[in-house]
There are 2 protein chains.
Amino acid sequence: MRSFRCSFLLLLSACEVLFGAQMRREEEEEERQRLTSEESSWGSLWPLPRLVKLSGDSFALTSAFTIEHGPGSYAGASCSILQNAFRRYFEYILRYPKGQDSSRTTYDGEQTSQLQVIIISYDPECDNYPSVDSDESYELKVAAPVSVLKANKVWGVLRGLETFSQLVYEGDCGTLFINKTEIIDFPRFSYRGILLDTSRHYIPLKTIFMNLEAMAFNKFNVLHWHIVDDQSFPYQSITFPNLSFKGSYQPYTHIYTPTDVRMVIDYARTRGIRVIPEFDSPGHTDSWGKGQENLLTPCYSGGHQNGAYGPINPVLNTTYDFMINFFKEIGNVFPDGYIHLGGDEVDFSCWKSNPDVKKFMLEHHFGDDFRKLESYYIQNILDIVSSFNKGYIVWQEVFDNGVKIKQDTIVEVWKEANLNEEIYNVTAAGFTTIVAAPWYLDLISYAQDWQKYYKAELLNFNGTEEQKKLVIGGEACLWGEFVDATNLTPRLWPRASAVAERLWSSKEVTSISDAYIRLDKHRCRMLRRGIPAEPLYVGYCEQESGY
Amino acid sequence: MRSFRCSFLLLLSACEVLFGAQMRREEEEEERQRLTSEESSWGSLWPLPRLVKLSGDSFALTSAFTIEHGPGSYAGASCSILQNAFRRYFEYILRYPKGQDSSRTTYDGEQTSQLQVIIISYDPECDNYPSVDSDESYELKVAAPVSVLKANKVWGVLRGLETFSQLVYEGDCGTLFINKTEIIDFPRFSYRGILLDTSRHYIPLKTIFMNLEAMAFNKFNVLHWHIVDDQSFPYQSITFPNLSFKGSYQPYTHIYTPTDVRMVIDYARTRGIRVIPEFDSPGHTDSWGKGQENLLTPCYSGGHQNGAYGPINPVLNTTYDFMINFFKEIGNVFPDGYIHLGGDEVDFSCWKSNPDVKKFMLEHHFGDDFRKLESYYIQNILDIVSSFNKGYIVWQEVFDNGVKIKQDTIVEVWKEANLNEEIYNVTAAGFTTIVAAPWYLDLISYAQDWQKYYKAELLNFNGTEEQKKLVIGGEACLWGEFVDATNLTPRLWPRASAVAERLWSSKEVTSISDAYIRLDKHRCRMLRRGIPAEPLYVGYCEQESGY
């Protein structure tokens with residue numbers, strides 16, 4: 001049996017609104033209206049596109065509907081990333097709700113029977129990996145009998161297909177509808193990431209794939225893969241197999257083989273998502289020491305080694321020999337232009353205890369300033385990684401401690417204290433910045449914390465326009481101390497969706513009440529598509545899911 | 001490929017310890033030892049039995065192993081609750097880890113090839129429902145070639161089978177072992193509940209079943225089914241079908257039919273779990289009003305009805321006519337001896353606004369004290385429920401407000417403020433008490449909050465021995481504002497397991513470090529058995545699971 005309620009009735013008959021300053025002025029009245037009707041003028045769009053013209057005219061979408069390469073497109077059947085996306089979104093659109101796609105072949109009213117996808121630039125980038133410069137813009141016109149999605153690159157098509165799929169709703173008797181719509185869309189920030197931590201707990205591939213899919217539903221474009229840390233080293237290195245053999249939780253089941261890594265990168269690429277691995281050092285490296293002798297600093301007490309180990313040993317040449325070979329491999333395995341090199345939270349106590357380190361400090365005239373030793377180490381690592389033609393991202397301490405970093409380095413700000421001041425300083429020094437501080441999603445609390453994430457704003461610091469351009473985005477971090485495959489997905493979604501809209505949509509899109517209505521529907525859509533996204537508050541979805 | 005590590009090697013060769021006062025004195029040394037070896041002297045037992053004698057002698061458990069009715073048992077093949085349990089635990093024991101049960105037929109050492117289950121009382125209660133007086137005690141002797149589990153009733157057998165299954169561990173090469181053991185066990189508290197809320201969100205049957213199974217793994221024995229509330233009325237009443245037809249989130253999919261309810265009760269019974277439904281009134285009843293006219297109090301402003309409704313209308317005879325018929329049905333549908341009648345958080349503002357209510361107050365000489373009106377209403381409801389030979393449980397407000405309640409009423413204390421004082425007062429008045437206050441598991445926080453739940457102690461109030469006997473247990477409440485099928489199970493487990501041990505095991509079992517080690521293994525066991533219980537902290541399970 002099924003509901004005769006119509007959950008996605010977009011009551012938009014008189015609604016043709018452009019986003020911009022005037023939106024603000026009408027907001028109060030609109031919100032009152034929305035809260036009464038429990039409908040948003042923007043349906044279930046999430047994140048909200050930059051420029052939307054929605055009409056009340058609706059077209060049916062029958063089972064004859066297809067997604068095709070349109071006339072004049074520079075991409076065709078050989079563009080497998082698009083073929084793959086067409087098939088994926090065809091499924092999501094037509095299988096709404098799951099398993100109820102019968103009797104939709106006939107409909108008397110107007111129909112849109114085709115979505116034509118047209119790449120208008122000479123190079124669609126069909127076989128590229130997404131990058132920091134990828135063009136994700138697109139234009140969408142929903143009309144009868146044919147709708148058109150135009151983009152410069154495949155990346156814009158991926159985003160536009162998601163938007164198109166979000167416009168489809170179910171009418172009475174199960175017929176699918178889509179309203180006449182014009183959308184011009186592009187992201188506000190080019191870096192929109194999710195950090196997953198696979199060291200504190202091993203996360204099975206299946207879970208990583210599921211979350212990459214959810215990222216695509218939210219137009220995220222970077223998986224920051226915090227792949228190793230103190231607790232375990234699941235990355236199976238080709239050059240140094242002992243790292244995972246001895247450093248993982250379980251050397252056969254709790255690792256990522258080269259094939260696994262390849263699959264994650266491919267799965268992400270087909271959704272326009274970059275994979276940036278993080279190999280954090282010199283701290284957070286306990287697990288590295290298990291499979292690589294003499295890599296960590298031996299700690300001393302009372303003049304003798306005490307059996308404990310500290311950060312990477314920065315005084316041995318063998319350390320840098322290892323790092324050259326290791327990062328050469330990483331540079332080959334991960335196609336992205338950037339590697340995250342960490343550099344956070346280095347504890348100096350072990351270095352301080354070690355006589356070889358003290359001798360080295362003396363020889364290098366570092367005095368008692370262990371930050372100089374840290375800088376020395378990091379400088380070496382950055383030079384190594386640069387030599388493999390990779391850019392790098394570092395945590396803010398590297399900047400704060402005055403390490404000499406290349407001008408194209410990306411600094412990631414994660415400390416909440418003095419956040420705006422830090423963003424000011426990093427950008428004043430001319431560095432590109434990404435911000436994680438407001439979005440540590442592992443720090444759970446009771447009630448609707450998505451609102452807190454939604455209200456965060458990256459460009460409220462007191463800098464010049466030039467400085468603000470250096471803030472290229474941010475990321476939601478789900479650190480893994482208390483997270484594994486059992487709870488990762490519902491803990492991440494839809495809380496990370498709040499971050500997604502903040503990073504994609506206009507700065508002016510700030511209404512919590514409107515966001516609530518759209519996000520509630522968006523989370524039900526994620527559920528329908530197999531993502532166990534948790535509820536925002538009381539209520540229900542037509543199709544419940546999960547376990 | 002599989003691990004060659006042996007995850008459950010119980011290093012117990014010199015360990016024969018009885019629980020009791022001497023345990024305390026040895027605790028410090030033991031804890032040091034445990035933290036080093038990351039093993040508990042008590043293996044992975046959870047909740048810890050009352051009296052355990054573990055030996056280092058181990059017996060193999062081959063695929064020839066069976067669970068049988070032993071000689072002289074008063075139960076046999078016709079006792080379906082036991083047959084069902086034998087099959088269930090046979091699966092859990094032999095399928096450890098899942099799908100690796102081959103090559104275990106031969107083993108040269110000593111074996112325990114049979115677990116004989118012997119019911120020693122004349123009435124095993126095979127066809128009963130569990131009740132507040134059910135005898136859950138059992139004695140277990142693990143020996144070669146035959147182990148014996150003795151109990152007075154089937155309920156003790158269910159608990160003992162769980163304990164037996166927790167003693168089994170995997171040796172090298174996949175052989176299963178169990179150590180020579182003697183256990184005498186019985187619960188500290190007879191009421192050990194979990195509250196699930198199916199009104200704020202609809203919880204599918206599958207999820208309820210999964211959590212009943214997890215409850216059995218933790219020796220919980222009451223499902224407090226908070227089935228309806230303001231937000232929705234999913235209980236499909238036979239007498240008043242409009243209640244769910246109009247009051248549920250979705251009248252065909254988001255309801256519990258009579259068959260559904262029956263299945264939940266049966267599923268629970270076979271695991272020794274009572275199902276106590278809560279029909280909370282007069283507050284928390286918004287959803288009731290949708291399908292039953294004139295049941296709620298119309299609110300007034302400016303001398304006119306304002307369209308809003310308040311609590312159940314206590315001044316109409318039709319209210320009580322309805323309640324008689326409604327609770328007559330509930331009494332028949334739910335076999336347990338108790339119904340939870342709620343009675344919490346009644347907002348008087350609507351009653352105050354209503355002229356009919358005011359008139360009624362005058363006629364009954366209630367003055368301005370609306371608590372008297374509330375008491376009047378609740379008194380009527382309690383009398384109705386009593387007339388159907390049911391006992392009742394009420395939230396503490398009913399006691400606090402001085403409602404005249406029968407001496408066998410159970411008062412549930414849920415307010416954290418002045419908790420010990422409240423327990424003192426309720427028991428001093430001679431009422432049986434259950435305590436939920438320390439265990440509101442919906443109030444999530446970062447990090448290991450299970451420790452807070454574990455440290456709670458119900459009998460620290462300053463009462464007489466007689467008063468303390470009136471505290472029959474407590475329950476973990478997972479209110480549903482932010483919980484549905486996507487996140488319920490990992491949010492509940494293993495956090496509720498901490499409550500389980502507190503309610504079952506000796507008061508002296510308080511070591512957090514020992515509990516951590518056992519609970520960590522217990523959560524991995526729940527994972528293996530299909531319950532996506534979230535991690536306590538960093539680490540891993542041999543078999544990860546979930547999504």
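Scanning all heavy atoms of the two residues, the minimum distance from H254(A) to E544(B) falls at NE2-OE2, 2.9 Å. Annotation for H201(A) and P535(B): closest pair NE2-CB, 3.2 Å, computed over non-hydrogen atoms. For the pair N487(B) and P490(A), the tightest heavy-atom approach, listed with the atom from each and the gap, is CB-CB, 4.0 Å. Closest approach of P532(A) to T486(B), counting heavy atoms only: O-CB, 3.6 Å.
Only the side chain of Q231(A) has a heavy atom closer than 4.5 Å to any heavy atom of chain B. A533(A) touches chain B through its backbone: at least one of N, CA, C or O sits under 4.5 Å from a heavy atom, while the side chain does not.
In terms of modelled atom types and a separation under 3.5 Å, the side chain of Y540(B) and the main chain of Q250(A) share no donor-acceptor contact.
The disulfide (SG to SG under 2.5 Å) check on C541(A) picks up C524(A), with sequence neighbours excluded. Here D449(B) pairs with R495(B) under the salt bridge (Lys or Arg N to Asp or Glu O under 4.0 Å) rule; sequence neighbours left out.
Between chain A and the residues G539(B), S445(B), G480(B), P204(B), the largest count of heavy-atom pairs under 4.5 Å involves G539(B). For the options V483(A), D442(A), I203(A), I531(A), heavy-atom pairs under 4.5 Å to chain B are most numerous at D442(A).
Counting only heavy atoms from C-beta outward, the side chains of Q448(B) and F482(A) approach each other to under 4.5 Å. Within the 4.5 Å cutoff, side-chain heavy atoms of R491(B) are placed close to those of E534(A).
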*List the steps and the verdict of side-chain contact (heavy atoms from CB on, under 4.5 Å) for E481(B) and Y446(A).*
CA-CA 10 Å; E481(B) 280 84 352; Y446(A) 184 68; 4.3 Å; yes
